[in-house]
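Within every chain, numbering begins at 1; the chains are lettered A, B, ... in the order of the sequence lines, protein sequences first and strands thereafter. Since we're looking at a predicted model, the values are computed, not measured.
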Amino acid sequence: MQISVSSVAEQRRKRSFWQSQAVMPWLLLAPAMLFFLVYVIAPIFQSLLYSFYEWDGIGEATWIGWANYEELFDDDRFYVSLKNNIVWLVLYMLAVPAGLAVALFLNQTMLGMRFYKSMFFFPFVISQVVVGLIFTWFYNPNFGIVGEIWRFFGAEPPSILGDEDLVTYGIIAAGLWPQIAYCMILYLTGLNNVSADQIEAGRLDNAKGWKMLWYIVLPQLWPATFLAIVVTVIGALRSFDMIAIMTQGGPYGSSNVLSYFMYETALSEYGFRMGYGSSIAVILFLIMLVFIGYFLRVMYKNERGGR
Amino acid sequence: MTTIKPLVGMSLAFAIASANAADLVINFDDPNPAPKAGFEAAVEAFKAANPDVNVIVNINDREAHKTAIRNFLSADAPDVTAWYPGNRMGPFVDAGQFEDISDLWASDTNLSTSFEAVKPTMTRDGKQWGVPYSYYQWGVYYRADLFAKYGISEPSNWDEMLGACDTLKENGVTPFTIGTKYLWTAAGVFDYLNLRTNGYDVHNGLTAGEIKYTDERIRNTFENWKVMLDRCSFVDNHATMSWQDALAPFAKGEAAMYVMGNFAVAGMKDAGLSEDQIDFFQFPEITPGVARAEEAPADAFFIPSKAKNKADARKFLSFIARPEIQAEWNKTLGQLPPNSKSEINSDDKFIRKGMQTVSTASGLAQFFDRDAPAEMAKAGMEGFQEFMIKPERMDAILKRLDKIQERVYK
């Protein structure tokens, strides 16, 4: 008996050490932090370092200081990509109100609603590669639906993906399809939490239509809106799959964005300029940092305000 | 339990077998039916001749191979790997990752006597680095039935070519098809215009960075291209099509000609065209008196410098250079054997014409993207594509290419 009592006490002491507030959270965080450190933090600094070198990935790396950045700021392709990134950011934001509209439309009870909801959510489930391929066919002026529609009105169909002025908009339209579905699902869950009391109270005060939406529903949807904006901004900045599938940055680089430009320079068949690619990565990282910093600040404020 | 035992026994037996024989690991880069069959037949023949060598073959997709080679050469090197000659082997040669096999080229009489035509492209820094197993001609593939229908004969000079284009357009047929989504097809057209306008030395000077893009001679090439775009127009929408996509208008009879490599013939036949409907002519003369040079890219095998079994690897390279092996292999591939003593498949009219084309050429170019360094090639080909869509931007494009050239070749 004696022994077992002491061993229980021992166990308790042990448990209290492992379960103490100081140790346990770190222990649980450790695996995630380790991977975050190895696969996210370390590569950031590695890229930063490489961006000062000229290196083809196999031979000797030579220190060239700021030369990669000097070249970058003198590179037309960089400005084309930057401009396209901005176009992406602005137009991709359409996914947020469009997602809201679809969510409001679907937020009613009728027979088969679940089926319609899942149909609207479908584009988000399928791979971006498939979406890109489908839209490439849509846009084909010879056999695509775009060609059919134009010909129906007796017009010569445009080659959307072959025209430097249209190509980026064409790809964004394709990208919006799954992104709207994503925003829609965020809003649908948000709408579940809109309190019926407040709607009721608003009704008594004679609020309806737009006013009801703007003053009563939307403020309650702020968490969903915030999340939708965050995922859309990040989605726009890392748009890559669509471009790789639909145009490979073409025609002649006019649909490039920074992420694809970086890939092309560092890792594609004619690339393997690791240093130059890294300098593009660093610039893209700095741009993202502005947004991420803002989002973190908002979230931090919310957390504190919430308590 | 009973199912596991034999497996253990087998793997043990396998381990013993592979420990006794010398392993020879070969990485090949084309899983398409004909190239795979040709390669495997050659490997079987090698095995039969060298029963003591245990050959292990890895066949990877072409694009995947291009990326993977950078890893496996330093991490887990095979004993032999497929790769391309010209500037494409440059980075690996310069980084010391390919084995110098000049000794093999010197000691093997077959290699030293039957490969004169392609030896320069296998040479860098005065040494040889690989052994080519196949190459193929480029030129103009055309719809013979359409030409016959409109009474057009094979053009032998620039004016006849432009005349043929006029006739085709009058009849509602687009003269040329092309798909420039992946850019290199446009380089084929540029190379031919440049070779015919200025000749082989200017092609080499340009890709070696000795001639500027704004040079008068290169300008002339582009001026000729402008004429070609105008009178011999290409299919619309070519910037969104791959070379395979561009076969569709050709097969449907909407376009009549295609500047391409011989590998396209298989695709044309798959698209439903019969042997009589297609034919080949050499890209016609533009500047009279310029010696005719041709594009003839080769595929080759190399030994990584980290290979474990270099002795057998050399044996393999020397084996695949043999005339009868190259003859058989290229018969399967539908391409030309680099070994000048190999027999060719004379039943195939494209092979016959191709052999005639390359053997009488004054010089053989690899291709714009194999002769020029990668970065220049990429920028150049984007410029070609842009020019094809917006020819009025010629000056801006040439100036931009000059700027990039200055940096790349510094």
Chain B contact via A/Glu264 - which portion, at a heavy-atom distance below 4.5 Å: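 When you check distances to chain B, only side chain atoms of A/Glu264 fall under 4.5 Å.
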Proximal component of A/Asp74, with respect to chain B [non-hydrogen, under 4.5 Å]: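 Both backbone and side chain.
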Is the charged tip of B/Arg393 near the ring of B/Phe387: under 6.0 Å from the six-membered ring centre and within 45° of its axis?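 The answer is no, since B/Arg393 fails at least one limit relative to B/Phe387.
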Kindly indicate whether a cation-pi arrangement holds for A/Arg238 with A/Phe240, taking the cut-offs as under 6.0 Å to the six-membered ring centre and within 45° of the axis.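 No, A/Arg238 and A/Phe240 do not form such a contact.
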According to the interplanar angle, ranging from 0 to 90°, do the rings of A/Trp63 and A/Tyr53 count as parallel (below 30°), tilted (30 to 60°) or perpendicular (above 60°)?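 If you compare the ring of A/Trp63 with that of A/Tyr53, the planes turn out perpendicular.
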Taking the inter-plane angle between the rings of A/Phe138 and A/Phe135 on a 0 to 90° scale, is it parallel (under 30°), tilted (30 to 60°) or perpendicular (over 60°)?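 Ring orientation, 0 to 90° scale: perpendicular.
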Segment of [X] engaging chain A (4.5 angstrom heavy-atom cut-off):
| X | result |
| --- | --- |
| B/Met376 | neither |
| B/Asn237 | both |
| B/Phe384 | neither |

Is there a donor-acceptor contact under 3.5 Å linking the side chains of A/Tyr69 and A/Ser51?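 On atom types as modelled, these side chains qualify, holding a pair under 3.5 Å.
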Answer yes or no: is there a donor N or O on one side and an acceptor on the other, between the side chain of B/Asp402 and the main chain of B/Tyr213, under 3.5 Å?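 It does hold such a pair.
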Please determine, among B/Arg400, B/Lys390, B/Met241, the option with the most heavy-atom pairs under 4.5 Å with chain A.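 Ranked by heavy-atom pairs under 4.5 Å with chain A, first place is B/Lys390.
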Could you have a look at B/Gly96, B/Ala95, B/Pro91, B/Ala374 and say which one has the most heavy-atom pairs with chain A under 4.5 angstrom?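 Looking at each option in turn, the highest pair count goes to B/Ala374.
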